[in-house]
Amino acid sequence: EFATRAKMADYEADQETAFVVDEVSVIIKESVENSIGVNAYVHSKVDGWTANIVEQTLKKLTALGKPFKYIVSVVILQKVGAGLHTASSCYWDNATDGSCTVRWENKTMYVITSVFGLGI
């Protein structure tokens, strides 16, 4: 039982300093939904939405108090049948760094948000 408790303590300590994709994914989804909600795509609102998503996401990530520098990127694409292809590549330490990309959509737009967490 002691070994199991020690493993749980190690796991919890790792979670406090790790880039947890599920945790980041929830933060991204909340930020997008809080910023856009049920709105339809309106070109004049896109700048505000993207700024809001980035700011909310960064604020929530830094509130976690984890030892990371964060990069947040947002793309909003109106649904008009156009294609969008993206790629990213990182040279980093898989033990300390991580990334998470979430595609959110409604009837009129796609919102693709990526977060990169680089361990300090």
Are I36 and I76 side-chain neighbours, meaning at least one heavy-atom pair lies under 4.5 Å? yes
May I ask you to establish whether K79 and Y110 are in a cation-pi arrangement, using a distance under 6.0 Å from NZ or CZ to the six-membered ring centre and at most 45° from the ring axis? yes
Provide the closest heavy-atom pair for N39 versus W49 in the form atom of the first, atom of the second, distance. CB-CZ2, 3.6 Å
Can you find a heavy atom in the side chain of L84 that is under 4.5 Å from one in the side chain of I112? yes
Distance check, rounded to the nearest 0.5 Å: S25 atom OG versus E30 atom CD? 10.0 Å
Quick one: does I120's side chain get under 4.5 Å of K69's, heavy atoms only? yes
Mind checking the CG-CD spacing from N106 to E33? Nearest 0.5 Å is all I need. 10.5 Å
K60 side chain near E23 side chain, heavy-atom distance below 4.5 Å: no
State the OG-CH2 distance between S31 and W104, to the nearest 0.5 angstrom. 12.0 Å
How long is the span from the CZ atom in F116 to the CG atom in D97, to the nearest 0.5 Å? 11.5 Å
N94: partners by side-chain contact (heavy atoms from CB on, under 4.5 Å), with sequence neighbours left out: W92
Verify same cluster id: Y70, V26 (apolar side-chain graph, 4.5 Å): no
Linking I/L/V/M/F/W/Y whenever any side-chain heavy atoms sit under 4.5 Å apart, do V32 and L58 land together? yes
Quick check: closest heavy atoms across L77 and A82, and the distance to 0.1 Å? CD2-O, 4.4 Å
Of the non-hydrogen atoms in I53 and V74, which two are nearest, and what is the gap between them? CG2-CG2, 3.6 Å
Do the non-hydrogen side-chain atoms of Q56 and N34 ever get within less than 4.5 Å of each other? yes
The side-chain contact (heavy atoms from CB on, under 4.5 Å) partner of V72 among I27, I28, V54, V24 is V54
Could you give the distance from CG (L61) to SG (C100), rounded to the nearest 0.5 Å? 9.5 Å
Can you check side-chain contact (heavy atoms from CB on, under 4.5 Å) on I71 and L118, steps first, answer last? CA-CA 8 Å; I71 300 163; L118 309 172; 4.1 Å; yes
Working for side-chain contact (heavy atoms from CB on, under 4.5 Å), residues K29 and V102: CA-CA 7 Å; K29 287 174 188 166; V102 172; 3.9 Å; yes
Is there a side-chain contact between V111 and E105 (heavy atoms, below 4.5 Å)? no
Parallel, tilted or perpendicular, judged at 30° and 60°: which one describes the rings of F68 and F19? perpendicular
